[in-house]
2 protein chains.
Amino acid sequence: MQESRDRYKAMVDKLKEHNHKLTPQRLAIIRILSESKEHPSVEDISRRLQRDFPGVSEATVYRNVLLIKSLGEVLEIGFAGESTHYDGRKPHPHPHIVCIKCRKIIDPDLQSLKEMVEEITEESGFEVVTYRLDFFGICPGCRTMNA
Amino acid sequence: MQESRDRYKAMVDKLKEHNHKLTPQRLAIIRILSESKEHPSVEDISRRLQRDFPGVSEATVYRNVLLIKSLGEVLEIGFAGESTHYDGRKPHPHPHIVCIKCRKIIDPDLQSLKEMVEEITEESGFEVVTYRLDFFGICPGCRTMNA
DNA sequence: CCCTAAATAATATTTATTTGCATTTGTAAC
DNA sequence: GTTACAAATGCAAATAAATATTATTTAGGG
């Protein structure tokens, strides 16, 4: 998909810009990040990587994901209990809606978010830098299936 | 404070109701949970506990916090990187604002939350069951201090 | 092609949490 | 007040995720 290629290119450019080497492992990791819509964990990435690079170290995946995060090209999403997940397609904070039955995650567009940030600023005096918004519920599919 | 005592009593009642024994360690733990406004971690609780019970095992704290959580009397709040924190005063989901400088956590009252849930229901068809909302920013104190 | 800093693999370590097991202790019944 | 027994505790060892260490390899400029 075009979008995946754009993300891939953006990450490569950012790496070059900061004079980081383009190793095959690194490129494979950003390829996976740019193509994955399911918010993979380090373990997921590592597993997929084995196909092309049997024997990549998990530490390498950790280090690279961390590096790419520090460049602002991947979003870290830690759900309680599970290991941390990453979104390389939309690297900026955004709300999620997670289905507690099928685990599907969707990214809604919320008009009310802007208003909420304003309310926080007014009420608390905080300067909001970033946020983490996750709603958990039952998706339309699982609702009908179950009832 | 009255509120602390109410929370303490609610937790004791819930324990009795489910036929759990009221050991001194357990009572001390719920006392700390009911009095702490700062969302303590297991380690925090354990440290405070040493005052009254030199030698309480961390495992005991873990087990009790887990038990109390399973009774719905404490809210688990896991932030990336740090150990999990707990809120025994407001056991139901609520938004947080976290200062990224001093780590202070406050609980705002957001009018716009209801509206946001409505927007999600309409737009996505999800039935919202629970949520996790955290805003990160710089609190008024740290803003002036730093600039 | 050669050099050097950066990156990798493998291993060890740290930190948070959980579990197994022997011992102790609430608490309900006598 | 004793007794009985399941539940709770303490301790230590087991897991698990993430990070650090170090010797070796390699990307990429000159």
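Lettering follows sequence order; numbering is per chain, from 1.
Where A:Leu67 and A:Ala59 meet DNA chain C, the nucleotide closest to each residue was compared, and A:Leu67 sits on the side nearer the 5' end. Remark on DNA chain D: of its neighbouring residues A:Arg63 and A:Glu43, the 5'-side contact belongs to A:Glu43, judged by nearest-heavy-atom nucleotide.
The pair B:Arg89-B:Glu35 does not meet the salt-bridge criterion, since no charged nitrogen lies less than 4.0 angstrom from a carboxylate oxygen. The pair B:Lys101-A:Glu127 does not count as a salt bridge, with every side-chain nitrogen at least 4.0 angstrom from each carboxylate oxygen.
B:Phe79 carries B:Arg132 over the face of its six-membered ring, with the cationic atom under 6.0 Å from the centre and within 45° of the normal.
The interatomic distance linking B:Glu58 (CD) with C:dT19 (C1') rounds to 15 Å, in whole Å. Distance A:Phe79 CZ to D:dA16 C1': 20 Å, rounded to the nearest Å. Atom CZ of B:Phe53 and atom C1' of D:dG10 are 14 Å apart (whole Å). Between the CG atom of B:Asn64 and the C1' atom of D:dA7 there is a distance of 12 Å, rounded to whole Å.
Screening B:Lys9, B:Arg7, B:Lys90 against B:Glu73 for a salt bridge (charged side-chain N to carboxylate O under 4.0 Å, His left out) leaves a single residue, B:Arg7. Exactly one residue among A:Thr60, A:Val61, A:Asp44 makes a side-chain contact (heavy atoms from CB on, under 4.5 Å) with A:Leu49. That residue is A:Val61.
Scanning residues 12-42 of chain B for heavy-atom distances under 4.0 Å to DNA chain D yields B:His20, B:Lys21, B:Thr23, B:Gln25, B:Arg26.
Considering only the side chain of B:Tyr62, C:dT17 comes nearest among C:dT17, D:dA17, C:dA9.
The phosphate of D:dA18 has OP1 or OP2 within less than 4.0 Å of a side-chain N or O from A:Thr84. A sub-4.0 Å separation between OP1 or OP2 of C:dT15 and a side-chain N or O of B:Ser83 is absent. Here A:Ser57 does not reach the OP1 or OP2 of C:dA10: none of its side-chain N or O atoms lies under 4.0 Å away.
Note that CD1 of B:Ile120 is 3.5 Å distant from CZ of A:Phe135, once rounded to the nearest 0.5 Å.
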